[in-house]
Peer 1: 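Below is the structure I would like to discuss, written out as structure tokens.
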Amino acid sequence: MATKTATAKPSAPAAAKIAMGGGKSEKKKQFKDKEKPTDIRLSNIEAAKAVADAIRTSLGPKGMDKMIQGKTGDVTITNDGATILKEMQVFHPAARMLVELSKAQDIEAGDGTTSVVVLCGALLDAARKLLQRGIHPTTISEAFQVAQNKAVEVLTAIAQPIKLSDTDSLVKMASTSLNSKVVSQYSSLLAPLSVDAIMNIIDPETATNVNLKDIRVVAKVGGTVEDTKLVKGIVLTQKAQATGVHRVERAKVALIQFCLSPPKTDMDNQVVISDYTQMDRILREERAYILDLCKKIKKSGANVLLIQKSILRDALNDMALHFLTKMKVLVVKDIERDEIDFVSRTLGCRPIATADHMLPEHLGQADLVEEINIGGGNKVVSITGCQSTAKTCSILVQGSNKLLADEAERSIHDALCVIRCLVKNRNMIAGGGAPEVELSIKLAQYAATLSGVESHCIKAFADALEIIPFTLAENAGLPPINIVTELRNRHAEGEAMAGINVKKCCITNITEENVLQPLLVSISAITLASETVRSILKIDDIVNTR
């Protein structure tokens, strides 16, 4: 028995030798990792790939939409990668890295949030195959870094410079972004509207970035998406109060943060009234207090009153509304706290915290304030002709139902981000999978000039980039292998702009079809995807804290 046991279990030095790759059976392999780090690495790759595969069908103009049901029963229909992953319940820590990746792409570029996750999944699959061939994770990581830098060089070389005065090209790129959305049939309306909104708030000659907080996108149910419009001013979703005033020209607007209702004590208490004279006295004092507030508002010259939403007590009570009706003041209450900054900048007014500060110099001025009926019994308040130096505007997005209005709002955000990318980096490239195939060929040629393991890793990186045209063809119902093979041949013959035309179901010069995208979107996608893959490869253990 002792002899059998000794044969089954080698001594500690021998076991260590085998684990380190020194055994006779392991001589052919370059690297043999310990069992636990290998399992952890493969587990991380599989979890992240599962997330990438889940949203892969949403890529491209013919991509499918996802219906997301929240805990409260709220339903969202979208094919925007960032929105899908944000709503998705992801438990695995490595899979959560892809959610953060999509969020990072959304912040940096605003578009390409599905592409970056699909690309990351393909690179992880390539890394898994390289690991199985015995290549060290650090070697793969360093080679991917070299490939990433080379990819950025190639993309910059094939990009075409653009001027912000070239409105047609800007509209084409905004349309490309909108073509994969639920509201793609309205791209001819929404794309020019997005370009106009950006051009309203920047100086095309000197601008290097765009602050999207200067554009307020408001989604409201009523009418159709075709009724969406750009307002050079403010659109408030709150209705005007029943003061009988629904339109004010040459308006003087006061934005107040105090309540037009009786004050309350800081602590809960009860006042016991024993007779009617005390009750009359309280009512008289309450009336006098509110009348004094309303007189101060009227004395300042304000004829439009915007009241911030209050949590502790009523922002506006019936008695105050009665006095303001007599004074012919248009009142809008429940202005949200996060809207205060935009409203005050656009109107050039100052938020007023107490009635004592109701002075004419703190008011904003506008040519017209009116309540507009947008259909379906819904109304909004529009403030236009603001006499302020601030460059801001609003987009009123309408839809026949909440799902469509919300999706149109998300689509417009993506289109605005595309134009912002062009302001930051004024270069454009073709879409339709053309840059990815061109990159794949150029990186494969570069890999051929190298030797050793690095060459294999860069070649794997190049092959992984073909996942984008492969998925575009697959989602469009085309034979992906035939399409990608033909696409590769066309690029090898020098047709750098050849891409997949999903409308005609063939390969054409994609720039002639006006399928264009900003250079920054592709550079950001490849850089962020590569960094995430390198981070996942470097992980060899998961430690749970107490």
Side-chain angles (χ1 to χ4, degrees), residues 234 236-271 273 276-366 368-371 379 381-383 386-388:
I234 305 172
L236 299 172
T237 54
Q238 297 86 351
K239 294 179 182 179
Q241 295 300 301
T243 58
V245 182
H246 300 285
R247 179 186 171 92
V248 178
E249 293 180 3
R250 293 190 296 280
K252 291 185 178 179
V253 187
L255 176 61
I256 66 169
Q257 295 180 300
F258 56 90
C259 298
L260 297 178
S261 58
K264 285 186 177 180
T265 54
D266 293 335
M267 296 182 292
D268 286 338
N269 57 14
Q270 288 183 337
V271 178
I273 298 171
Y276 289 111
T277 55
Q278 290 177 325
M279 186 182 291
D280 288 341
R281 183 186 165 195
I282 289 171
L283 291 172
R284 276 198 309 275
E285 287 183 2
E286 183 181 308
R287 181 186 175 89
Y289 172 79
I290 291 172
L291 183 59
D292 182 50
L293 291 178
C294 292
K295 281 180 177 177
K296 285 178 180 177
I297 290 168
K298 187 64 179 174
K299 187 181 176 183
S300 68
N303 51 13
V304 175
L305 193 61
L306 307 180
I307 308 173
Q308 183 178 315
K309 190 174 185 177
S310 173
I311 300 167
L312 299 174
R313 58 193 173 112
D314 293 336
L316 178 75
N317 74 351
D318 293 341
M319 192 177 293
L321 191 62
H322 167 72
F323 290 137
L324 292 170
T325 303
K326 286 187 172 182
M327 295 172 183
K328 298 270 189 268
V329 176
L330 190 152
V331 182
V332 182
K333 69 171 187 175
D334 292 345
I335 305 295
E336 296 289 345
R337 188 179 293 272
D338 55 2
E339 296 174 353
I340 295 293
D341 177 55
F342 180 83
V343 171
S344 58
R345 276 190 299 121
T346 305
L347 290 171
C349 66
R350 177 177 165 185
I352 301 166
T354 62
D356 295 333
H357 292 117
M358 281 296 302
L359 302 171
E361 58 265 29
H362 295 162
L363 305 182
Q365 294 185 342
L368 179 64
V369 179
E370 63 177 335
E371 188 177 41
K379 295 179 180 179
V381 175
S382 167
I383 305 174
C386 304
Q387 296 172 17
S388 163

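Being a predicted model, the structure only gives us computed values, none of them experimental.
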Peer 1: For R345, look at atom CZ and say whether over 12 heavy atoms of other residues, nucleotides or ligands are found less than 6.0 Å away.
Peer 2: yes
Peer 1: Counting only heavy atoms not in H362, do more than 12 fall under 6.0 Å of its NE2?
Peer 2: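 Check passes, neighbour count above 12.
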Peer 1: Check step by step if side chain to side chain contact (heavy atoms under 4.5 Å, CB included) holds for L324 and L316.
Peer 2: CA-CA 10 Å; L324 292 170; L316 178 75; 4.0 Å; yes
Peer 1: Which heavy atom of D334 sits nearest to which heavy atom of Q238, and what is that distance?
Peer 2: O-NE2, 2.8 Å
Peer 1: Any chance CG of D318 has more than 12 other-residue heavy atoms, nucleotides or ligands included, within less than 6.0 Å?
Peer 2: no
Peer 1: Are any of the side-chain nitrogens in D280 or R284 under 4.0 Å away from the carboxylate oxygens of its partner?
Peer 2: no
Peer 1: Which heavy atom in A254 sits nearest to a heavy atom in L363, and how many Å separate them?
Peer 2: CB-CD2, 3.5 Å
Peer 1: Distance from L236 atom CG to E371 atom CD, nearest 0.5 Å?
Peer 2: 11.0 Å
Peer 1: Check step by step if side chain to side chain contact (heavy atoms under 4.5 Å, CB included) holds for V381 and L306.
Peer 2: CA-CA 11 Å; V381 175; L306 307 180; 5.9 Å; no
Peer 1: What's the spacing between L260 CG and L291 CG if we round to 0.5 Å?
Peer 2: 11.5 Å
Peer 1: State the CD1-CD distance between I307 and Q257, to the nearest 0.5 angstrom.
Peer 2: 12.0 Å
Peer 1: Would you indicate whether the side-chain heavy atoms of K326 and H322 approach each other to under 4.5 Å?
Peer 2: yes
Peer 1: Does the side chain of L368 reach to within under 4.5 Å of the side chain of R247, using non-hydrogen atoms?
Peer 2: yes
Peer 1: So how far is it from T237 OG1 to E339 CD, rounded to the nearest 0.5 Å?
Peer 2: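 These two atoms lie 5.5 Å from each other.
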Peer 1: Considering non-hydrogen atoms only, spot the tightest contact between V332 and K239 and give its length.
Peer 2: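 Between these two residues, the closest heavy atoms are CG1-O, 4.0 Å.
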Peer 1: Looking at every non-hydrogen atom in both residues, tell me the closest pair between A251 and V369 and how far apart they are.
Peer 2: CB-CG2, 3.6 Å
Peer 1: I need the E361 CD to R350 CZ distance, nearest 0.5 Å.
Peer 2: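 These two atoms lie 9.0 Å from each other.
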Peer 1: Please tell me if the side chains of Q308 and P351 come closer than 4.5 Å, counting only heavy atoms from C-beta onward.
Peer 2: no
Peer 1: Could you tell me if the side chain of M358 sits less than 4.5 Å from the side chain of K299, heavy atoms only?
Peer 2: no
Peer 1: Return the minimal non-hydrogen interatomic distance between I352 and F258, and the atom names on each side.
Peer 2: O-CD2, 3.7 Å
Peer 1: Assess whether side chain to side chain contact (heavy atoms under 4.5 Å, CB included) is satisfied between N303 and R250, documenting all intermediate values.
Peer 2: CA-CA 9 Å; N303 51 13; R250 293 190 296 280; over 6 Å; no
Peer 1: Less than 4.5 Å apart, side chain to side chain, heavy atoms only: is that true for I335 and I340?
Peer 2: yes
Peer 1: Can you confirm whether Q241 sits close enough to T325 that some side-chain heavy atom of one is under 4.5 Å from a side-chain heavy atom of the other?
Peer 2: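 No, every pair of side-chain atoms sits at 4.5 Å or beyond.
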Peer 1: Is it the case that the side chain of S344 and the backbone of D341 share a donor-acceptor pair, with hydrogens and angles ignored and the cut-off at 3.5 Å?
Peer 2: yes
Peer 1: Show your reasoning for whether side chain to side chain contact (heavy atoms under 4.5 Å, CB included) applies to N317 and E286.
Peer 2: CA-CA 11 Å; N317 74 351; E286 183 181 308; 4.3 Å; yes
Peer 1: Work out which heavy atom in S261 is nearest to a heavy atom in Y289; give both atom names and the distance.
Peer 2: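 Taking every non-hydrogen atom into account, O-CE2, 3.6 Å.
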Peer 1: Rounded to the nearest 0.5 Å, how far does NZ of K333 lie from NZ of K309?
Peer 2: 10.0 Å
